[in-house]
Amino acid sequence: MLDDFLIRAALAGLGLALATAPLGCFVAWRRMAYFGDATAHAALLGVALALALSLPVVAGTLAVALVMALLVATLSERGLAMDTLLGVLAHSALAFGLVAVTFVPGARLDLSAYLFGDILAVTRTDLAVIWGGAAAVIALIGWRWQALLTATVSPDLAWASGIDPRREQRILTLALALAVAVAIKVVGALLVSAMLLIPAAAARHFARSPEAMALSAAVLGALSALGGLWGAFMLDTPAGPSMVCAAAILFAAAATLRRLRG
């Protein structure tokens, strides 16, 4: 069954949806959209590092994405103006990554795959990495779900409950870096944050509890992945951007349905 590249692509898309759904909810609740951008864009530096050192791309992207995520989390704890800082870090990381990749022999031809993903070229090994990463993210978020929710709602309440909000922030950044590392093969550095945020934002229109929002985001993410792949196959369009287009259509439909319901 896995000899069919479309089946492998569909399984990769489903794994991506499961990995990004709970994280996307926290990104939406904490208004961390630029945080996801900075982490995802930094992953391109990890690609250059992995190619230069002949390491697995996932290892390089995970290492650099984790460093960027921890850097952002540390700076945020110091009360810096985060909107501007995250914008600077996100775009600077992307620019340095683009420049660094061009110095790696043979990487110039493959640059679009790292920017926009190449889900149709997913191998069985890639599937194992994607689903393994998704399982790790789900386990990590599930383990700290209540503590993360409390820290998100109110840091003061978290302190009063014996929860360190800074620790929960670092756990969230670890999960985010892991999700970015496994997603770069599917949708690329430029579109990872879109798949994090858009399904969760769509689910927010009708979910009545945090848990329902996370589950709804996973379903909408899966529909976006499968719908985008179907559209790419039928219309001969790039698969990664088509998945984001499908997510955007679902978001518009959810917003319209909520407006009609009053």
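Values reported hereafter were calculated over all heavy atoms of this structure, with side chains retained and with hydrogens, waters and symmetry mates removed.
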Query raised in the report: What distance separates M68 CE from L45 CG, expressed to the nearest 0.5 Å?
Result: 7.0 Å

Query raised in the report: Same hydrophobic cluster for I198 and F116, using side-chain heavy-atom links shorter than 4.5 Å among ILVMFWY?
Result: yes

Report task. Answer yes if I138 and L14 sit in the same cluster of Ile, Leu, Val, Met, Phe, Trp and Tyr residues linked by side chain heavy atoms under 4.5 Å apart, and no otherwise. Result -> yes

Query raised in the report: Going hydrophobic residue to hydrophobic residue with side-chain gaps under 4.5 angstrom, can you get from L226 over to L16?
Result: yes

Query raised in the report: Say you draw a straight line from CZ of F26 to OG1 of T173; how long is it, rounded to the nearest 0.5 Å?
Result: 13.0 Å

Query raised in the report: How far apart are the closest heavy atoms of A239 and L120, and which atoms are they?
Result: CB-CG, 4.3 Å

Requested in this report: Search all heavy atoms of A194 against all heavy atoms of V244 and return the closest pair with its distance.
Outcome: CB-CG1, 3.8 Å

Query raised in the report: Roughly how far, to the nearest 0.5 Å, is the OG atom of S242 from the CE atom of M234?
Result: 12.5 Å

Report task. Give me the ring orientation class for H205 and F251: parallel if the planes are under 30° apart, tilted from 30 to 60°, perpendicular past 60°. Result -> tilted

Query raised in the report: Which residues pass the side-chain contact (heavy atoms from CB on, under 4.5 Å) test with A200, sequence neighbours left out?
Result: C25, M213, A217

Requested in this report: Starting from the C-alpha separation in whole Å, work towards a yes-or-no answer on side-chain contact (heavy atoms from CB on, under 4.5 Å) for W29 and V153.
Outcome: CA-CA 8 Å; W29 292 330; V153 171; over 6 Å; no

Report summary line: The reported gap from CG in L157 to CD1 in I163 (rounded to nearest 0.5 angstrom) is 7.5 Å

Query raised in the report: Under a 4.5 Å cut-off applied to non-hydrogen side-chain atoms, are V64 and L49 in contact?
Result: yes

Query - V186 and M195: CA distance, side-chain angles, deciding distance, side-chain contact (heavy atoms from CB on, under 4.5 Å) verdict - result: CA-CA 10 Å; V186 180; M195 291 303 293; over 6 Å; no

Query raised in the report: Can you tell me how far the CG atom of D164 sits from the CZ atom of R170, to the nearest 0.5 Å?
Result: 7.0 Å

Query - Considering all heavy atoms, the nearest G221-A17 contact - result: C-CB, 3.5 Å

Requested in this report: I would like to know whether L172 and L23 meet side-chain contact (heavy atoms from CB on, under 4.5 Å); could you show each step before the answer?
Outcome: CA-CA 8 Å; L172 188 59; L23 289 175; 3.7 Å; yes

Query raised in the report: Stepwise, does the side-chain contact (heavy atoms from CB on, under 4.5 Å) test hold for L229 with L6?
Result: CA-CA 8 Å; L229 285 172; L6 283 177; 5.6 Å; no

Report task. Say whether, by atom type as modelled, one donor and one acceptor occur between the side chain of R8 and the main chain of V122 under 3.5 angstrom. Result -> yes

**Report entry** Shortest non-hydrogen separation from V137 to A19 and the atoms involved
**Finding:** CG1-O, 3.4 Å

Report summary line: CG of L176 to CG of L140, rounded to nearest 0.5 Å, is 11.5 Å

Query - Cluster overlap W145 with L178, hydrophobic side-chain contacts below 4.5 Å - result: yes

Report task. With sequence neighbours left out, write down each residue that passes salt bridge (charged side-chain N to carboxylate O under 4.0 Å, His left out) with R144, or none if nothing qualifies. Result -> E168

**Report entry** Test item: side-chain donor near acceptor, T150 and S161, under 3.5 Å
**Finding:** no

Query - Any donor-acceptor N/O pair, W131 side chain to L11 backbone, under 3.5 Å - result: yes

Query - Check: S154 and W159 side chains under 4.5 Å, non-hydrogen atoms - result: no

Query - W230 ring center within less than 6.0 Å of F233 ring center - result: no

Requested in this report: Kindly give the heavy-atom pair with the smallest separation between I141 and P22, and that separation in Å.
Outcome: CG2-CB, 3.9 Å

Query raised in the report: Honestly curious: do M243 and I7 fall in one hydrophobic cluster under the side-chain, below-4.5 Å linking rule?
Result: yes

Query raised in the report: Mind checking what makes side chain to side chain donor-acceptor pair (under 3.5 Å) contact with T152, not counting sequence neighbours?
Result: R30

Report summary line: Closest heavy-atom pair, A218 versus L18, reported as atoms and distance to 0.1 Å, is CB-CD2, 4.4 Å

Query raised in the report: If you link I, L, V, M, F, W and Y whenever their side-chain heavy atoms are under 4.5 Å apart, who else ends up in the same group as L223?
Result: F206, V219, L220, L250

Requested in this report: Give every residue pair that meets the salt bridge (Lys or Arg N to Asp or Glu O under 4.0 Å) criterion with at least one member in residues 206-232, sequence neighbours excluded.
Outcome: none

Report task. Could you pull out all residues at least two apart from D126 that satisfy salt bridge (charged side-chain N to carboxylate O under 4.0 Å, His left out)? Result -> K185

